[in-house]
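Report on the structure given below.
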Amino acid sequence: MTKYIGVLTAGGDSPGLNAAIRGVGKAARVYHGMQVIGFRDGFRGLAENRTERLDGEVLSGILTIGGTILGTSRDKPHKMVMGGKERDMTGAMVENYKSNHLDALVCLGGGGTQKNALRLADHGLNVITLPKTIDNDVGLTDVTFGFDTALGIATEAIDRLHSTAHSHHRIIVVEIMGHRAGWLALGAGIAGGADVILIPEIPYDVEIVADAILTRVRGGKQFSIVAVAEGALPQSQAKEVKAADAQRRGAKTKEDKKRAKATLAAIAEQHGQHTVGLARELEKLTGLEARVTILGHLQRGGIPSAADRLLATRLGTACADLIKEGTFGVMVAARGEGTEAVPLQEVAGSRKLVPLDHPWIASAKRVGTSFGD
Ligand code: F6P
């Protein structure tokens, strides 16, 4: 009997999403004889039943295209703003899954998507996910697609910033995405030869950063590149976050939880200007001129790298095979040269941070990179 599958892309877009849609879609249609539809704009499209047939024509020619042909959103099934009000749309999603006669739903996304997919699996849907994000912070997979492309973009940016920093004898502070994980800043910082790398996993002391820069000046290097992850924190603020987070987790009353959440929100708000503030502090402490470059969404745009196309195709085609054999409630993880189906219960909420004993950190320290610690 022909199987029917639905595909959606959720969360921030990422290079490689179309390659993954193509991998799932072509393997499902051509190799396994299934019918494939897409839902527009993430979980919102599933709630509103906005569908599109993913036939041979639609799936053709999308391997190299950035973004997602299906559109995406950060909407959550259980907290979706509909007509100005936040509503739980899980029931509507279950209904639309049934009315489209689906045998499986494929959700392509990062950490948030894994949690949302698990919610739908808990409501009886045959859900299977793929790990996508430039942040590389999804647990239980070697890597996520999108990361390699963003790493290349951020590395090239650091390469280009070197010549202008050198010419003007300046500090260039370059902010790199990654949410609360330091993979992207660490990888691009090492590959681009940044002199200082600041990541959330290693809270920094600005005086130590300034010392590292002044040591370079004494050694005849009048410029420095500081690669700072958007989630990097000075030691004092990291302590505040840790305390507020502990309060939130240990809160006995709703009021206590609300207070802890408000403190965390206030810290996050203040953190918005973090990179600019860091550059100003470094100017004061070193006497050098500093400039800021925020790479932002440039890191998510454009064509996927060859490595991301390969990874997305590998995961997407393995996903179609798992659907064929009836394996659901799993994420298709990258494991070595192959893939592994890992239970969504284990993936959901398991953010992968950079371990402090990671070989990348050890190598960076050996070539003299400062982490400000
Ligand atoms: O998760 C990908 C990511 O680009 C993060 O690195 C960043 O913190 C966030 O998304 C930005 O989100 P938005 O596109 O909603 O501004």
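The residues of the chain are indexed from 1 along the displayed sequence. Every value quoted in this text rests on a predicted model; they were computed, and no experiment measured them. Below, all heavy atoms of this structure are taken into account, side chains as well, without hydrogens, waters or symmetry copies. We count ligands from 1, going down the list as the structure has it; atoms in each ligand are counted the same way.
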Please determine whether a side-chain nitrogen of the Lys or Arg among [X] and [Y] lies less than 4.0 Å from a carboxylate oxygen of the Asp or Glu.
X: Arg170; Y: Glu289; result: yes
X: Lys284; Y: Glu281; result: no
X: Arg259; Y: Asp256; result: yes

Where does Gln299 meet ligand 1, judged by heavy-atom distances below 4.0 Å: at the side chain, the backbone, both, or neither?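 Contact part for Gln299 vs ligand 1: neither.
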
Regarding Gln114 and Thr129, is there a side-chain donor-to-acceptor distance under 3.5 Å anywhere?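 Looking only at side-chain atoms, Thr129 and Gln114 do form a donor-acceptor pair, the distance falling under 3.5 Å.
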
Would you tell me whether Thr327 and Glu325 have side-chain atoms, one donor and one acceptor, within less than 3.5 Å of each other?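 The criterion, which ignores hydrogens and geometry beyond distance, is satisfied for Glu325 and Thr327.
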
Flag Met177 as yes when one of its N or O atoms lies below 3.5 Å from any N or O atom of ligand 1, and as no otherwise.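 It does not: no N or O of Met177 is found under 3.5 Å from an N or O of ligand 1.
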
Is Gly178 in contact with ligand 1, taking contact as a heavy-atom separation below 4.0 Å?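 Yes, Gly178 has heavy atoms under 4.0 Å from ligand 1.
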
What residue and heavy atom of the protein are closest to [atom], and at what distance?
atom: atom 15 (O) of ligand 1; value: Arg74 NE, 2.9 Å
atom: atom 3 (C) of ligand 1; value: Arg300 NH1, 3.4 Å
atom: atom 8 (O) of ligand 1; value: Glu230 OE2, 2.6 Å
atom: atom 16 (O) of ligand 1; value: His297 NE2, 3.2 Å

Does the Lys NZ or Arg CZ of Arg216 fall within the cation-pi geometry relative to Phe223 - under 6.0 Å from the ring centre and within 45° of the axis?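 That pair qualifies as a cation-pi contact.
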
Would you indicate which of Asp13, Asp135, Leu184 comes nearest to atom 2 (C) of ligand 1 when only heavy atoms are counted?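 Comparing heavy atoms across Asp13, Asp135, Leu184, the nearest one to atom 2 (C) of ligand 1 lies in Asp135.
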
